Amino acid sequence: MFDQYFIAGCLFWGAVLFCLYQICFSNKLHGQNYEATQAVDRRLAALCAALVILTCTVPMQLTPFQDPANNSYSRQYEYMAEAILNGRLYLDYGDMDERLLEMDNPYDPASRREAGVNFHWDHAFYNGHYYMYFGVVPVFLLFLPVRLITGMSLDTLWATRIFAAVFICGVFALFQLLSQKFCKMTKGMYLLLSAAFSMMSIWYSMDAPMLYCTAIVSALCVEIWSLFFFVKAVWVEEEEKKRIGYAFCGSLCGALAFGCRPPIALANLLVLPMLAVYLKGKKPNWQLFRQLLFAASPYAVVAVLLMAYNYARFGSPFEFGQPYQLTLADQSGYTDMWAQFDLIKIWNGLAENFVSYSPLDEEFPYISCGGAFVNFPILLVSLVGLSRKEIRDKIKKRHLTGFTVVLLVLPAVITAADVMWAPFLMERYRMDIYWLMGILCFLIIGLYAADLSNADKRKFSYWMSLWAFATFCSCMWLFLVPYDGNFAMLTPAKLEAVRRVLTFGQNF
């Protein structure tokens, strides 16, 4: 007689195979191009985005580590909103351990253990006060408005969910622009690649959504919309006044990323090749200068505000609080990030971030987190595509050369910044680069398919949909890897139940 796990496994794998067949081999999806002007296509995209949002945000509730009752430090954004309302930039818990104040180096974890001091984990500690070293912009974007409007604190878990949802919408919106302008993708490729790359970009936040991922996903959220507005300004919109307006919005979103997570904000370098495309053929004059100055003004305003915020806390406009962390490693020497520049360390970080591989484990789920190309092999399509002359010619013809080069180089630049910014790399730091690699991959796939015959394009769309489905499965499988206090690590009984469903109740 079949047990409940066998029946559940049959239902689950049956549903997977049904979905695989429907989304990867449907003539309606792969035989027609996606048209944003068609209401039915827009509704289909909205439905797909909604399903991805639910898939990414619902599992965030599973990790007991995210319970504020277990980890009060994960509520720093909420406490920071209350502190600002009370006229403070520091977090006052009312339980300062005098021994912490007396230590010669409170940032050394070994010294803290030896002294037996009580302290608040992963805060910045400076001049006798606790500070939040995470960027303050999410506080002003979500936590303060919710507190002022409702009178209640916004739970950090819900903040991550909101940022994740808006990010996913941004991916679908940006990819729609790129598809309509440069490559005319089939419905299947546009929808499934948008779903796969948006989920790939934030999969780790499903595992550990609070605090760390709140900072990362908020930066991804504003940066993806920054790119959307800039692409619309440079390549889509034709009316000059609207182009400047879109560029202003792009600058505002891009500038805000520096107050969320600075390494992700390095994606603002993409503005330079887009500016070069915009200026091509234009004659310099005062009107053009004033328009550009207006479009770029959010960068200056946000920079001044962030520097004033840093100066008020740490006495330096360029200090975010990195050297003052009370965490696993002593980072008090990180007052100058460039002093951490080490070519060997950066090289090793690049290898770890892109091609690191861990042998298969004998226990479920059998895998570990690896480099970006190991976790998601679809990203190798970008390198293969760029090696082909016809793809490079299409990029040049569409004035995308500079944009593509910066997209290709940025993940390495951000990885180098992460290596210098932190004592060691973690899987969540790859969220800094997954989204950029996904954008490049989407663009290369679209350019390759652009001039194919209808029959070849349909076949290519089938194959890319299979890759997208495999990427989705990789995200879900990585979600099951016990790591960093996620649900798989802290609730092994739930992981065992998942294993038994996936294996039809058998012990493989």
Side-chain angles (χ1 to χ4, degrees), residues 33-37 41-42 44-46 48-50 52-53 56 163-187 189-202 217-237 242-243 245-254 256-257 264-271 273-275 277-278 378-379 382 395 398-400 402-404 406-408 410-411 431-447 449-450 464 468 471:
N33 288 338
Y34 177 82
E35 297 292 345
T37 56
D41 286 3
R42 293 198 302 272
L44 190 60
C48 186
V52 176
I53 289 171
C56 290
F163 284 127
V166 178
F167 168 78
I168 291 167
C169 292
V171 171
F172 274 79
L174 175 62
F175 283 7
Q176 177 182 292
L177 288 185
L178 295 177
S179 175
Q180 292 298 110
K181 179 63 181 179
F182 299 116
C183 46
K184 288 290 184 181
M185 282 191 167
T186 64
K187 294 179 183 179
M189 278 195 291
Y190 163 70
L191 293 172
L192 295 173
L193 289 174
S194 297
F197 287 146
S198 57
M199 187 173 183
M200 175 193 74
S201 300
I202 60 171
V217 178
S218 64
L220 294 178
C221 176
V222 292
E223 269 299 335
I224 199 71
W225 282 102
S226 174
L227 278 183
F228 170 84
F229 288 123
F230 278 124
V231 168
K232 199 160 181 72
V234 173
W235 283 298
V236 178
E237 184 58 53
K242 290 184 178 180
R243 297 180 80 179
Y246 284 128
F248 178 90
C249 294
S251 297
L252 178 59
C253 291
L256 291 174
I264 292 176
L266 292 175
N268 281 283
L269 291 172
L270 285 166
V271 176
M274 286 191 280
L275 178 62
V277 172
Y278 174 77
I378 191 174
L379 297 174
S382 299
I395 289 172
R398 291 164 172 80
H399 306 291
L400 287 167
F403 185 76
T404 304
V406 176
L407 261 182
L408 180 65
L410 261 177
M431 293 171 65
D432 295 350
I433 62 174
Y434 281 142
W435 68 292
L436 291 166
M437 299 174 76
I439 293 171
L440 179 60
C441 192
F442 180 89
L443 194 57
I444 298 302
I445 290 171
L447 291 174
M464 287 300 101
T471 301

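What you see below is based on every heavy atom in this structure, not just the backbone, and it leaves out hydrogens, waters and symmetry mates. Please read these numbers as outputs of a predicted model, since none were measured by experiment.
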Inset, instruction - Output the distance between atom CD1 (I202) and atom SG (C221), rounded to the nearest 0.5 Å. - result: 10.0 Å

Legend entry - Note, L400 side chain near V277 side chain (heavy atom, < 4.5 Å): no

Legend entry - Main-chain N/O of V171 paired to S198 side chain as donor or acceptor, under 3.5 Å: no

Inset, instruction - Return the orientation label for the W235 and F182 ring planes: parallel under 30°, perpendicular over 60°, tilted otherwise. - result: perpendicular

Inset, instruction - Check whether any side-chain heavy atom of L379 sits under 4.5 Å from a side-chain heavy atom of M200, and report yes or no. - result: yes

Legend entry - Verdict with supporting geometry, L436 and L270, side-chain contact (heavy atoms from CB on, under 4.5 Å): CA-CA 10 Å; L436 291 166; L270 285 166; 4.1 Å; yes

Inset, instruction - Please confirm whether the backbone N or O of A36 pairs with a side-chain atom of D41, one donor and one acceptor, at under 3.5 Å? - result: no

Legend entry - Nearest-0.5 Å distance that lies between atom CD1 in I168 and atom CD1 in I53: 5.0 Å

Inset, instruction - Taking only Lys NZ, Arg NE, NH1 and NH2, and the carboxylate oxygens of Asp or Glu, determine whether E35 and K187 approach each other closer than 4.0 Å. - result: no

Legend entry - Atom of S382, atom of M437 and distance for their closest heavy-atom approach: OG-O, 4.2 Å

Inset, instruction - Could you tell me whether a side-chain N or O of S201 sits under 3.5 Å from a main-chain N or O of F197, the two making a donor and an acceptor? - result: yes

Inset, instruction - For S194 and F172, indicate whether the former's side chain and the latter's backbone hold a donor-acceptor pair under 3.5 Å. - result: no

Legend entry - Pairwise side-chain contact, F442 with M185, heavy-atom cut-off 4.5 Å (strictly under): yes

Inset, instruction - Would you give the length of the straight line joining atom CG of L220 to atom CZ of F163, rounded to the nearest 0.5 angstrom? - result: 11.0 Å

Legend entry - Shortest non-hydrogen contact from N33 toward K184: OD1-O, 3.4 Å

Legend entry - Whether F229 and Y246 hold their rings parallel, tilted or perpendicular, with breakpoints at 30° and 60°: parallel

Legend entry - M199 side chain reached by T471 side chain, heavy atoms, under 4.5 Å: no

Inset, instruction - Drop me the distance from M464's CE to M189's CE, to the nearest 0.5 angstrom. - result: 8.5 Å

Inset, instruction - Work out which heavy atom in L44 is nearest to a heavy atom in L191; give both atom names and the distance. - result: CD2-CD1, 3.4 Å

Legend entry - Contact summary for G446 and C183, nearest pair of heavy atoms: O-CB, 3.0 Å

Legend entry - Minimum-distance pair of heavy atoms, taken over all atoms of A267 and E223: CB-OE1, 3.8 Å

Inset, instruction - Evaluate the side-chain proximity of L227 to M274: yes if any heavy-atom separation is below 4.5 Å, no if none is. - result: yes

Legend entry - Gap between atom NZ of K232 and atom CD of E237 - 0.5 Å precision: 6.5 Å

Inset, instruction - Indicate yes or no: at least one non-hydrogen side-chain atom of C169 is less than 4.5 angstrom from one of W225. - result: yes

Legend entry - Close side-chain approach of I224 and I439, heavy atoms under 4.5 Å: yes

Inset, instruction - Could you grab the distance from atom CZ of F228 to atom CG of L178, nearest 0.5 Å is fine? - result: 10.0 Å

Legend entry - Contact check, side chains of R398 and L447, non-hydrogen atoms, under 4.5 Å: yes

Legend entry - Short side-chain to backbone donor-acceptor contact, S226 and C253, under 3.5 Å: no

Inset, instruction - Quick one: which residue pairs count as a side-chain hydrogen bond (donor to acceptor under 3.5 Å, both in side chains) with a foot in residues 433-444, not counting sequence neighbours? - result: N375-Y434, E427-Y434

Inset, instruction - Check P411 against L408 and note the closest heavy-atom contact, atom names and distance. - result: CD-O, 3.5 Å

Legend entry - With Y34 via ring pair (Phe, Tyr, Trp, His ring centres under 6.0 Å) - residues at least two apart: Y190

Inset, instruction - I would like to know whether M431 and V217 meet side-chain contact (heavy atoms from CB on, under 4.5 Å); could you show each step before the answer? - result: CA-CA 8 Å; M431 293 171 65; V217 178; 3.6 Å; yes

